[in-house]
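Everything below concerns the one structure shown next.
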Amino acid sequence: MSEAIVELTAGQYNLVYNLFSLTIAAMAAAFVFFIGARDQVDKKYRKALLVSAVVVGVAAYHYFRIFQSWGGAVAGTEMAGETMMYMFNTAEFNDAYRYADWLVTVPLLLVEVVAVLGLTKEKERGFIAKLTIAAVAMLALGYPGEIASDTGTRLLWGTLSSIPFVYILYVLWIELGDAIKDQPGHAQVLLRNLRLLLLATWGFYPIAYLAPVMGIGEATGLVALNVGYAIADITAKAGFGLMIYSIARTKTLEGGGSGQPQAAAAAE
Ligand SMILES: *C/C=C(C)/C=C/C=C(C)/C=C/C1=C(C)CCCC1(C)C
């Protein structure tokens, strides 16, 4: 990619800088929580919490690299009257960290949803296989658009990437919906909320992706995209993991069908 300088005000530059820093802290804190909380759920659901911990751990690492990359992409500063401007070289900022992260974390998040349902092994494997394939296709098709500098290319790959995305939502909404109906009382409500959270947070990504072509200006587009992705990542990974935890905890206390819950409830 050729050099592309975008002028950011100090406020715009620092907003993203500080948000990346906060994201690292949020992911790291969530990691400690998920590791610690594993003892509070039935054995059956420990895998879901471990996967949550891996997701936020991997994200903490990648956000550290993204944070460094943001710092390193400043080609210099300039005064425009009273205002300090940052000359930001977009070619130096590495978007690949984000996609590398998603390539690992998105399939794992899907594993989490399926794992917390406590389905039979065979059903579980079927869901995980098709959701993983769709997730990889979605990201592989989105990346060429993410690094493209013209609107047409961005829209083309974005549209192609949306096809597997819609398929994922279909599987989660319709097919897993049937599995949710078989869940015990409270857990059913929580699982429905989980699905809503997933739709709301994942639906945010294609919107952030479109920020650079919304006609809000190059600098604002760049900032909106990075702010959007960071907020979506915190909610879709740490927030989502917390919901998974509360579902696992509720099912443990309600006695989700295994021998352990009574012991766990008695230990309260
Ligand atoms: C932790 C990271 C998560 C949950 C990432 C999710 C990412 C998406 C749902 C991305 C979707 C995209 C489209 C549907 C079209 C445009 C390109 C993408 C990759 C941003």
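As the structure lists them, so they are numbered: ligands from 1, and atoms in each ligand from 1. Because only heavy atoms are used, hydrogens play no part in the values below, and waters and symmetry mates are left out as well, while side chains stay in.
The contact set between ligand 1 and L109, taken as ligand atoms under 4.0 Å from a residue heavy atom, comprises 1 (C), 4 (C). Applying the 4.0 Å criterion to heavy atoms of V106 picks out, from ligand 1, the atoms 2 (C), 3 (C), 4 (C), 5 (C), 6 (C). For ligand 1, the atoms lying closer than 4.0 Å to a non-hydrogen atom of T105 are 1 (C). Atoms of ligand 1 found under 4.0 Å from any heavy atom of D233, numbered from 1 in the order shown, are 1 (C), 2 (C).
Judged by the shortest distance from any of its heavy atoms, W157 lies outside the 4.0 Å radius around the atoms of ligand 1. Note on ligand 1: Y229 sits in its first shell, one or more heavy atoms being nearer than 4.0 Å.
For atom 19 (C) of ligand 1, the nearest protein heavy atom (residue, atom name, distance) is Y99 OH, 3.6 Å. Among protein heavy atoms, atom 1 (C) of ligand 1 sits closest to K237 NZ, 1.4 Å. What sits closest to atom 15 (C) of ligand 1 on the protein, heavy atoms only, is S161 OG, 3.4 Å. Summary of contacts: the protein heavy atom closest to atom 11 (C) of ligand 1 is M138 SD, 3.9 Å.
Of the candidates K123, R195, K181, K130, K130 is the only one forming a salt bridge (charged side-chain N to carboxylate O under 4.0 Å, His left out) with E175. Between L190 and the choices V116, I180, T250, the side chain to side chain contact (heavy atoms under 4.5 Å, CB included) rule is met once, by T250. Between Y86 and the options F93, Y17, Y13, a ring pair (Phe, Tyr, Trp, His ring centres under 6.0 Å) holds for only Y13. With L198 as the fixed residue, the side chain to side chain contact (heavy atoms under 4.5 Å, CB included) test singles out one of T235, N193, L172: L172.
Using a 3.5 Å distance cut-off with no hydrogens or angles, the side chains of Y99 and N94 do not pair a donor with an acceptor.
If you check each of Y143, W202, F165, Y205 against atom 10 (C) of ligand 1, the one with the closest non-hydrogen atom is Y205.
The six-membered or imidazole ring of F33 lies near that of Y245, with a centre-to-centre distance under 6.0 Å. Taking the six-membered ring where the residue is Trp, the centroids of W157 and Y143 are separated by 6.0 Å or more.
Hydrophobic clustering (ILVMFWY, side-chain heavy atoms < 4.5 Å, transitive): L141 and V213 are in one cluster.
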